[in-house]
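To keep things clear, I will list the structure first and then write my remarks on it.
All values below come from the heavy atoms of this structure, side chains included, with hydrogens, waters and symmetry mates left out. Positions are given from 1 along the sequence.
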Amino acid sequence: MKSPDLATSERLLTNLYAAFNERDIPALLAAMTPDVSWPNGWEGGLVHGRDEVSAYWRRQWDQLEPTVMPTAFVAEADGRIVVTVHQVVRNKTGATIADHTVTHVYRFNDGLVAEMEIRA
C-alpha cells in the first residue's frame, strides 16, 4: 500500500497526462487499480473501475477535445500527490470552451492510481 515517492509519482502522472492527450486508453487504464475511483468532471459524480473510466472518457471524447498539461506537483503528508493542471477544452469544431487551471489530487495503491479527485 506504499505510495511512490514524489519523483516517481511525477513521472507516472506526466506519462498519464500524455496518454490522456493521446487518447491512449490502454496505457491509462494499466496505470490504475482495477477498482479506481475517478471523478466525472464532465457529467458529474464518480465512476468506479477501469471499465467505467474507459466508458466515461469515450463518451467525453465523442463530444469534447480536452487537453491537460501538468505544471506543478506537490506531495501531501498523507502520500497523496497534488497536481496543478492547465486544462483547455475545445468542442469538435475547435472552439475553446474552457481554458483554466485545475487541481487534481491522486492517491496511489502499490504504485497504481487508486483515486483521483478534482479539488476546488
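For A72, the side-chain contact (heavy atoms from CB on, under 4.5 Å) criterion is met by T84, not counting sequence neighbours. E10 pairs by the side chain to side chain donor-acceptor pair (under 3.5 Å) definition with nothing, not counting sequence neighbours.
The shortest heavy-atom contact between A27 and L16 is O-CD2, 4.3 Å. The shortest non-hydrogen separation linking L29 to R50 is O-NE, 3.1 Å. A pairwise comparison of heavy atoms in E52 and H48 identifies OE1-N, 2.9 Å as the closest pair. Heavy atoms only, all atoms of each residue included: A75 and L6 are closest at N-CD1, 3.9 Å. Across T33 and A114, no two heavy atoms sit closer than the pair OG1-CA, 3.5 Å. Closest of all the heavy-atom pairs between V113 and L13 is CG2-CD2, 4.4 Å.
Taken to the nearest 0.5 Å, the CG atom of L112 stands 8.0 Å off from the CG atom of L12. To the nearest 0.5 angstrom, N91 atom CG is 8.0 Å from L64 atom CG. Taking CG of D35 as the start and CG of N109 as the end, the distance is 7.5 Å to the nearest 0.5 Å.
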Show every donor-acceptor pair shorter than 3.5 Å between a side-chain atom in residues 95-102 and any protein atom, with sequence neighbours excluded, or say none if there are none.
{"residue": "D99", "atom": "OD1", "partner": "H86", "partner atom": "NE2", "Å": "2.5"}
{"residue": "H100", "atom": "NE2", "partner": "Q87", "partner atom": "NE2", "Å": "3.2"}

Using a 3.5 Å cut-off and no angle test, enumerate the donor-acceptor pairs between side-chain atoms of residues 39-47 and protein atoms at least two apart in sequence or in another chain.
{"residue": "N40", "atom": "OD1", "partner": "W42", "partner atom": "N", "Å": "3.3"}
{"residue": "N40", "atom": "OD1", "partner": "E43", "partner atom": "N", "Å": "2.6"}
{"residue": "N40", "atom": "OD1", "partner": "G44", "partner atom": "N", "Å": "3.4"}
{"residue": "N40", "atom": "ND2", "partner": "E43", "partner atom": "OE1", "Å": "2.6"}
{"residue": "E43", "atom": "OE1", "partner": "R59", "partner atom": "NH2", "Å": "2.8"}
{"residue": "E43", "atom": "OE2", "partner": "R59", "partner atom": "NE", "Å": "3.1"}

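Note on V36 and I25: same hydrophobic cluster, where clusters join Ile, Leu, Val, Met, Phe, Trp and Tyr whose side-chain heavy atoms are under 4.5 Å apart, directly or indirectly. Under a hydrophobic-cluster definition in which Ile, Leu, Val, Met, Phe, Trp and Tyr are linked whenever side-chain heavy atoms come within less than 4.5 Å, directly or via other members, I81 and V85 are assigned to the same cluster. V105 and W38 are not part of a single hydrophobic cluster, where members link through side-chain heavy atoms under 4.5 Å apart.
Residue pairs meeting the side-chain hydrogen bond (donor to acceptor under 3.5 Å, both in side chains) criterion with at least one member in residues 17-29, sequence neighbours excluded: Y17-H104, Y17-Y106, R23-E65. Within the structure, the ring pair (Phe, Tyr, Trp, His ring centres under 6.0 Å) test picks out the following pairs touching residues 59-81 (sequence neighbours left out): F20-W61, W57-W61.
For the pairing with R107, the side-chain hydrogen bond (donor to acceptor under 3.5 Å, both in side chains) check across E115, E117, E76 returns one residue only, E115.
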